[in-house]
**Q** 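Pasting a structure below so you can have a look.
Throughout, protein chains are lettered first and strands after them, A, B, ... in sequence-line order, and every chain is numbered starting at 1. What you are looking at is a predicted structure, and each value in this text was computed from that prediction instead of being measured.
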There are 2 protein chains.
Amino acid sequence: MSDQGKKHRTGCLVAYGVDTFGDRWTLLVIRDMLLHGRKTYGEFLTAGEDIATNVLALRLKHLEAEGVIEKTRDPDNRRSFIYNLTEKGLALAPVILEIARWSGKYIEADEGRQSLLDRIEEDRDGLLADLARRAKAQKSGRQNA
Amino acid sequence: MSDQGKKHRTGCLVAYGVDTFGDRWTLLVIRDMLLHGRKTYGEFLTAGEDIATNVLALRLKHLEAEGVIEKTRDPDNRRSFIYNLTEKGLALAPVILEIARWSGKYIEADEGRQSLLDRIEEDRDGLLADLARRAKAQKSGRQNA
DNA sequence: GATATCACTTGTAAAAAGCAAGTGAATTTT
DNA sequence: AAAATTCACTTGCTTTTTACAAGTGATATC
């Protein structure tokens with residue numbers, strides 16, 4: 001009936017991150033929003049890793065409560081909601097990219113992923129700017145490039 | 001009787017990271033090693049956030065199995081073991097620092113933590129080099145500076 | 001009006017985390 | 001050299017989370 005259990009609340013910066021996204025699903029949802037432009041409950045559910053529907057609901061609530069994402073009605077479909085990253089959520093982009101970068105050193109990346117890795121190395125700031133731009137475009141209802 | 005449950009194994013770079021350190025404790029152990037120079041079971045146990053002893057044992061086993069840390073005997077005390085970051089574990093430093101950086105934007109940092117945040121902004125590469133140096137010094141048994 | 005879609009909720013089982021106590025080997029104390 | 005202590009865990013049990021399956025209510029489509 002609650003969010004995701006105990007918090008460390010020790011003042012530690014790493015612990016605060018862990019409290020916010022330290023579980024098996026949260027970062028994948030943020031990845032979906034940030035990197036794949038997904039934004040509805042249904043899109044998160046069918047995103048490949050098979051998150052359970054109740055767990056997804058909990059995570060989204062938690063992220064909303066933490067101010068990482070925000071939920072609005074879809075103006076074009078009254079039974080749909082749109083989830084967007086807030087500034088705080090978008091600020092997780094460097095974390096996501098460093099995780100990807102780390103993993104890229106230890107597992108094989110397919111073509112698409114390798115090109116992301118390449119871009120991280122060659123044009124990290126530009127990539128971050130693009131992700132921010134896309135997130136904001138999405139938020140204001142525009143199509144992303 | 002096993003490590004930490006289901007893996008996503010989807011090829012996703014973020015998912016691989018989550019599989020490796022996506023839980024409430026793993027990143028704190030890595031933080032302890034990387035930032036606080038802790039290296040024994042006892043030091044991890046009493047590190048402030050009160051991890052349960054059996055959970056710590058599981059996490060250490062998992063990290064060792066994943067090649068993130070390595071366990072050696074303490075040459076000075078035959079009942080003690082020393083845990084060190086491997087190259088793979090040390091490569092997590094940028095992830096840890098980005099998490100700290102993100103958190104630093106949203107919670108208050110005390111003096112010591114703020115100086116870490118300042119150093120991340122002003123001399124990230126130097127800081128990373130120092131952390132690597134310290135980790136390696138520790139590994140070869142030298143005192144860290 | 002019937003059927004499908006979307007975003008969930010509810011109930012229950014399985015897994016993991018948390019808690020307390022215990023074990024065995026090495027070390028220190030007496 | 002026997003006794004007490006330390007260190008690194010393990011074991012057993014309870015509580016909390018996660019996972020799985022099915023169900024609900026409000027749109028929307030056929």
**Q** Would you say Tyr83(B) places a side-chain N or O within less than 4.0 Å of OP1 or OP2 belonging to dC9(D)?
**A**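 Yes, such a contact exists.
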**Q** If I take atom CG in residue Asp50(B) and atom P in nucleotide dA20(C), what distance separates them, rounded to the nearest angstrom?
**A**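 Answer to the nearest Å: 11 Å.
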**Q** In whole angstrom, what separates Glu43(B)'s CD from dC9(D)'s C1'?
**A**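 Taking atom C1' of dC9(D) as the reference, CD of Glu43(B) is at 16 Å.
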**Q** Would you kindly check if the NZ (Lys) or CZ (Arg) of Lys39(A) is within the cone defined by 45 degrees around the ring axis of Tyr83(A) and under 6.0 Å from the six-membered ring centre?
**A**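 No, Lys39(A) and Tyr83(A) do not form such a contact.
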**Q** Establish, with yes or no, whether the OP1 or OP2 oxygen of dA28(D) is under 4.0 angstrom from a side-chain nitrogen or oxygen of Asn77(A).
**A**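 So the side-chain polar atoms of Asn77(A) do come within 4.0 Å of the phosphate oxygens OP1 or OP2 of dA28(D), strictly under.
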**Q** Between Tyr16(B) and Glu66(B), what is the shortest heavy-atom contact and its length?
**A**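 That would be OH-OE1, 4.0 Å.
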**Q** Grab the CD1-P distance between Ile51(B) and dC9(D) for me, whole Å please.
**A**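 Value for this atom pair: 13 Å.
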**Q** Check whether any side-chain nitrogen or oxygen of Ser80(A) sits under 4.0 Å from OP1 or OP2 of dA7(C), and answer yes or no.
**A**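 Yes, because at least one side-chain N or O of Ser80(A) sits under 4.0 Å from OP1 or OP2 of dA7(C).
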**Q** Closer than 4.0 angstrom, basic N to acidic O: yes or no for Asp130(A) and Arg119(A)?
**A**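 Here Asp130(A) pairs with Arg119(A) in a salt bridge, since their nearest N and O are under 4.0 Å apart.
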**Q** Taking only the side-chain nitrogens and oxygens of Trp25(A), find out if one of them lies under 4.0 Å from OP1 or OP2 of dA19(D).
**A**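 Checking Trp25(A) against dA19(D): at least one side-chain N or O falls below 4.0 Å of OP1 or OP2.
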**Q** If you check every side-chain atom of Ala57(A), which of dA26(C), dA17(C), dC8(C) has the closest atom?
**A**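 The answer is dC8(C).
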**Q** From the options dC9(D), dT27(D), dT9(C), select the nucleotide whose nearest atom is closest to the side chain of Thr53(A).
**A**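 Taking heavy atoms from C-beta onward, the closest nucleotide is dT9(C).
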**Q** Please tell me which of the listed nucleotides, dA17(C), dC8(C), dC20(D), lies nearest to the side chain of Arg24(B)?
**A**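 Given the options dA17(C), dC8(C), dC20(D), the side chain of Arg24(B) is closest to dA17(C).
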**Q** Counting only side-chain N and O atoms of Tyr41(A), is one of them less than 4.0 Å from OP1 or OP2 of dT9(C)?
**A**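 So the side-chain polar atoms of Tyr41(A) never come under 4.0 Å of the phosphate oxygens OP1 or OP2 of dT9(C).
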**Q** Would you say a side-chain N or O of Lys39(B) is under 4.0 Å from OP1 or OP2 of dA8(D)?
**A**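 The answer is no; no side-chain N or O of Lys39(B) sits under 4.0 Å from OP1 or OP2.
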**Q** Whole angstroms only, please: what is the CG-P distance between Asp74(B) and dA26(C)?
**A**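 Result: 14 Å.
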**Q** In whole Å, I'd like the distance from the CG atom of Asn54(B) to the P atom of dT15(D).
**A**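 Taking atom P of dT15(D) as the reference, CG of Asn54(B) is at 16 Å.
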**Q** For dA17(C), does either OP1 or OP2 sit under 4.0 Å from a side-chain N or O belonging to Arg59(B)?
**A**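 Answer is yes, contact under 4.0 Å.
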**Q** Is a side-chain N or O of Tyr41(A) found less than 3.5 angstrom from the main chain of Thr53(A), in a donor-acceptor match?
**A**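 Flag set: sc Tyr41(A) to bb Thr53(A) pair under 3.5 Å.
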**Q** How many Å lie between CG on Leu56(A) and P on dA21(D), as a whole number?
**A**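 Distance check: Leu56(A) CG to dA21(D) P gives 17 Å.
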**Q** Could you tell me if the side chain of Leu92(B) sits less than 4.5 Å from the side chain of Ile99(A), heavy atoms only?
**A**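 The answer is no, as the side chains (C-beta and beyond) never meet within the 4.5 Å cut-off.
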**Q** Whole-Å distance between dC8(C) C1' and Arg73(A) CZ?
**A**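 One finds 12 Å between C1' of dC8(C) and CZ of Arg73(A), rounded.
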**Q** For Arg79(A) and Lys71(A), take the nucleotide of DNA chain C holding the closest heavy atom to each; which residue's nucleotide lies nearer the 5' end?
**A**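 First, find each residue's nearest nucleotide; the 5'-ward one identifies Arg79(A).
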**Q** Which whole-number value in Å describes the distance from Arg38(A) CZ to dA7(C) C1'?
**A**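 After rounding, the reported distance stands at 17 Å.
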